[in-house]
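So the structure is just underneath, and the comments pick up after that.
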Amino acid sequence: MPKVSVGRDRLFEALGREYTQEEFEDVCFEFGLELDDIVTEEDEVIYKVEVAANRYDLLCFEGLVRALRIFKGLEQIPKYTAVDIPLESMLKIHVKPETALVRPYVVCAVLRNITFDQASYKSFIDLQDMLHQNICRGRTLVAIGTHDLDTIQGPFTYEALPPTEINFVPLKQVKSFRGDELMKFYETDIKLKKFLHIIEKSPVFPVIYDCNRTVLSLPPIINGALSAISVQTKNVFIECTATDLTKAKIVLNTMVTMFSMYCKRKFEVEPVEVISSDGHSCVYPDLSAYSMEVPLSKITGRIGVSADANQVISLLNRMQLLAEKSVSSGDQCSIIISVPPTRSDVLESCDVAEDFAIAYGFENILAKVSSPSQGGGEQSLSQISNLIRLEFAMSGFTEVLTWILCSYKDITSMLNRKDNNSTSVKISNPRSTDFEVARTTLMPGLLKTVRENNHHPKPIKIFEVGDVVFLNEMNDVGARNRHHLAALYCDDHSGFEVIHGLVQRILEVMDIPCDFDSGYCIKASNEVEEGEFLPGTKGSIIHKGESVGSFGIVHPEVLNNFKISYPCSYMEIDLQCFFK
């Protein structure tokens, strides 16, 4: 979950009173937030408040304070409006068709006559970073550019050009760079290098120009130096380029609704006309509230409380959802919800019910045991697995749980096996060589467990019941899970007879007779390659003509690969073969 850093003293001043730490934690809990940490930076106490990932309106000081003040009844829900100006007088940005090759969408707005101080300016910059990390998915979906409108002149154009044809002075630099030169220049920049991959392989780079061919930005990398904003900026031009238009509109709405409070005319935003290459025109931002009618029963019934319409309306208003009782006729009472542009997380009646539950107070909702319409139960495979676990335990074996991911060599060379690349599921971008593939056998995990417990008194008797994964083109996801059980015995002698007896016991409790036709039989393996077992000791478990498992003495080379100095015997059975 994202964490918003706010100065304690500034926060308390905005809320109109001071709180003890416990009191503020209670306020956060009531509103569905959490005070995650308290730190001191430059002699200022900073509260780090954890907010829900889909509440973009709470990602800055302004939004957090506004929400808490409305929740506490200290402020009314603001009405956000776009300035009503003639279309011919509106700022315009023309979108060229080449942008469809790299970043097709752009939305814009203007904050006129805004007054920043150091704190609000820092919050303005911080909100952009928070949005970039959150809904913008590291600028891949949306990138925000903010510019001093007094240093540039419209109409603007949004283009996509070859990198060698783009030349400008980037933010915080004095030298002019070509687009391709910028990619190399920022390869070592700690902050910007992580965004280069988004466009560096594209034949064209997106770029925004004003009417004098001044570069405003090279999204999603860097803005131009000429249009850089500062605390003294009075008119801010905001542009959001995107690969996802819906998210671009949410980001733009969030930026302007949070900071239009600092404009001379509060909560009023100047729109910008975006003209597509096909001549289609749209005006942004869209700050209209949309309405949804929700039956009262869908709000209170989902939460399991009794509340009348007036109480529900009052509580929803505290959550910035302007609500009123429906005047339509009918036996069922409904609530009409007006969802503001700040609440992009409210999509359906369940979201309204969630906000009602927060305002009602989770501590006031009585826990009830639901009466299911039909009884549930364990699957047969799970039932048998649990019974087998019990049987292993009664045989003196201890259960272990190991990673389902392992290194590629763990299932190949470490086990004296070869991989033809048609069996194991490989991870395309592993963060560690220890987690490169999904295991195809439980054996590496058990051997690693013995290796890490070499000091343990012998014998070591361990087992595991869990999934392995194989490639399977017939499956819709290209792979299939199989439920295996395995056991390993380690002592100063091989313990082959212990594992052999365990195999027979497990199959006996599963009520599978030792019969070639109707049950199982054990055949000596005649494999040419040694594999993980000592030659001449491997036994294959055959059930109805199909091999369902094997057991034997672990090959000394395998033990040496895992740095185990004691002989071991091992068994593994595919449990799902018995559940066709």
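Computed from a predicted structure; not experimentally measured.
Annotation: side chain to side chain contact (heavy atoms under 4.5 Å, CB included) contacts of H500 (sequence neighbours excluded): F496, Q504, I522, F551. Under the side chain to side chain contact (heavy atoms under 4.5 Å, CB included) criterion, D26 pairs with no residue, sequence neighbours left out. Shown here are the side chain to side chain contact (heavy atoms under 4.5 Å, CB included) partners of E30, two or more places apart in sequence or in another chain: F71, K72. Among residues two or more places apart in sequence or in another chain, the salt bridge (charged side-chain N to carboxylate O under 4.0 Å, His left out) test is passed with K247 by D244. For Y360, the ring pair (Phe, Tyr, Trp, His ring centres under 6.0 Å) partners at least two apart in sequence or on another chain are F356. For R137, there are no salt bridge (charged side-chain N to carboxylate O under 4.0 Å, His left out) partners two or more places apart in sequence or in a different chain. With sequence neighbours left out, the side chain to side chain contact (heavy atoms under 4.5 Å, CB included) criterion links E25 to Q21, L35. With sequence neighbours excluded, no residue forms a ring pair (Phe, Tyr, Trp, His ring centres under 6.0 Å) with Y56. Partners of D410 by side chain to side chain donor-acceptor pair (under 3.5 Å), not counting sequence neighbours, listed by chain and number: S407, K448.
Using a distance-only test at 3.5 Å, with no hydrogens or angles considered, no donor-acceptor pair links the side chain of R480 to the main chain of N475. Under a 3.5 Å cut-off, the side chain of Y570 and the backbone N or O of M443 do form a donor-acceptor pair. Checking side-chain atoms of S518 against main-chain N and O of D515 turns up no donor-acceptor pair under 3.5 Å. A donor-acceptor contact shorter than 3.5 Å is absent between the side chain of D491 and the backbone of H493. In this structure a side-chain-to-backbone donor-acceptor pair under 3.5 Å is present from R139 to P220. The backbone N or O of I336 lies less than 3.5 Å from no partner atom in the side chain of S326, so there is not a single donor-acceptor pair. N560 contributes no side-chain N or O that, together with a main-chain N or O of P556, makes up a donor-acceptor pair within less than 3.5 Å. Looking at N453, its side chain does come within 3.5 Å of a backbone N or O of T449 through a donor-acceptor pair.
Enclosure of atom OH in Y566 is not indicated, since only 12 or fewer non-hydrogen atoms of other residues, nucleotides or ligands lie within 6.0 angstrom. Applying the 6.0 Å contact sphere to CG of D511 captures no more than 12 heavy atoms from other residues, nucleotides or ligands. Environment of OH in Y47: crowded, with over 12 heavy atoms of neighbouring residues, nucleotides or ligands closer than 6.0 Å. Taking a 6.0 Å sphere around CD of E363, one finds it holds more than 12 heavy atoms contributed by other residues, nucleotides or ligands. Atom NZ of K544 is surrounded by 12 or fewer heavy atoms from other residues, nucleotides or ligands within 6.0 Å.
The two residues S569 and I553 make their nearest non-hydrogen contact at OG-CG1, 3.7 Å. Closest non-hydrogen pair, K48 versus S5, comes out as NZ-OG, 3.1 Å. When all heavy atoms of G531 and N416 are compared, the pair lying nearest together is O-CB, 3.2 Å. The two residues E200 and M183 make their nearest non-hydrogen contact at CB-SD, 3.8 Å. Scanning both residues, A52 and M1, for their nearest heavy atoms gives CA-SD, 4.0 Å. Contact detail for A67 and L58: the closest heavy-atom pair is CB-CD2, 3.5 Å.
Between atom CG of residue L141 and atom CG of residue L131 there is a gap of 12.5 Å, rounded to the nearest 0.5 Å. With rounding to the nearest 0.5 angstrom, the CG atom of L316 is 7.5 Å from the CD1 atom of I335. Atoms CD1 and CD1, from I337 and I299 in turn, are 5.0 Å apart once rounded to the nearest 0.5 Å. If you take NE2 on H543 and SG on C521, they are separated by 10.0 Å, rounding to the nearest 0.5 Å. Between the CG atom of D574 and the CZ atom of R482 there is a distance of 4.0 Å, given to the nearest 0.5 Å. A distance of 5.0 Å separates CD1 of I411 from SG of C406, quoted to the nearest 0.5 Å.
Side-chain contact check for L68 versus F31: some heavy-atom pair is nearer than 4.5 Å. By the 4.5 Å heavy-atom criterion applied to side chains, I506 and F392 are counted as neighbours. Side-chain contact check for L447 versus L559: some heavy-atom pair is nearer than 4.5 Å. Looking only at side-chain heavy atoms (C-beta outward), V450 and C490 come within less than 4.5 Å of each other. Inter-residue side-chain proximity for K409 and T433 is flagged as unmet; no heavy-atom pair is nearer than 4.5 Å. Residues K193 and T188 are not in side-chain contact: their nearest non-hydrogen atoms beyond the backbone lie 4.5 Å or more apart. Looking at heavy atoms from C-beta onward, L245 lies in side-chain contact with V107 at the 4.5 angstrom threshold. Residues D37 and K3 fail the side-chain proximity criterion, which asks for heavy atoms closer than 4.5 Å.
Note on ring orientation: taking the six-membered ring where Trp is involved, the planes of H132 and F195 are tilted (angle from 30° to 60°).
Under the 4.0 Å criterion applied to side-chain N and carboxylate O atoms, K184 and E187 are not assigned as salt-bridge partners. Taking 4.0 Å as the cut-off between side-chain N and carboxylate O, D57 and R55 count as a salt-bridged pair.
Among residue pairs with one or both ends in residues 455-470, those qualifying as side-chain hydrogen bond (donor to acceptor under 3.5 Å, both in side chains) are T402-E464, R439-E464, D467-N481, D467-H483; sequence neighbours excluded. Applying the salt bridge (charged side-chain N to carboxylate O under 4.0 Å, His left out) definition to pairs two or more places apart or across chains, none involves residues 427-436.
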The test is side chain to side chain contact (heavy atoms under 4.5 Å, CB included); show your working for S202 and L101 and say whether it passes.
CA-CA 8 Å; S202 172; L101 299 173; 5.7 Å; no
Is there a side chain to side chain contact (heavy atoms under 4.5 Å, CB included) between T254 and I135 once you walk through the steps?
CA-CA 11 Å; T254 302; I135 184 176; over 6 Å; no
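Outside the 6.0 Å centre-distance limit, the rings of F463 and F397 are not counted as a close aromatic pair.
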Donor-acceptor contacts under 3.5 Å from residues 343-353 side chains, at least two apart:
unit_1 : atom_1 : unit_2 : atom_2 : d
R343   : NE     : D345   : OD1    : 2.9
R343   : NH1    : M319   : O      : 2.8
R343   : NH1    : D355   : OD2    : 2.8
R343   : NH2    : D345   : OD2    : 2.7
R343   : NH2    : D355   : OD1    : 3.4
R343   : NH2    : D355   : OD2    : 2.9
E348   : OE1    : C350   : N      : 3.0
S349   : OG     : R302   : NH1    : 2.7
D351   : OD2    : L347   : N      : 2.8
D351   : OD2    : E348   : N      : 2.9

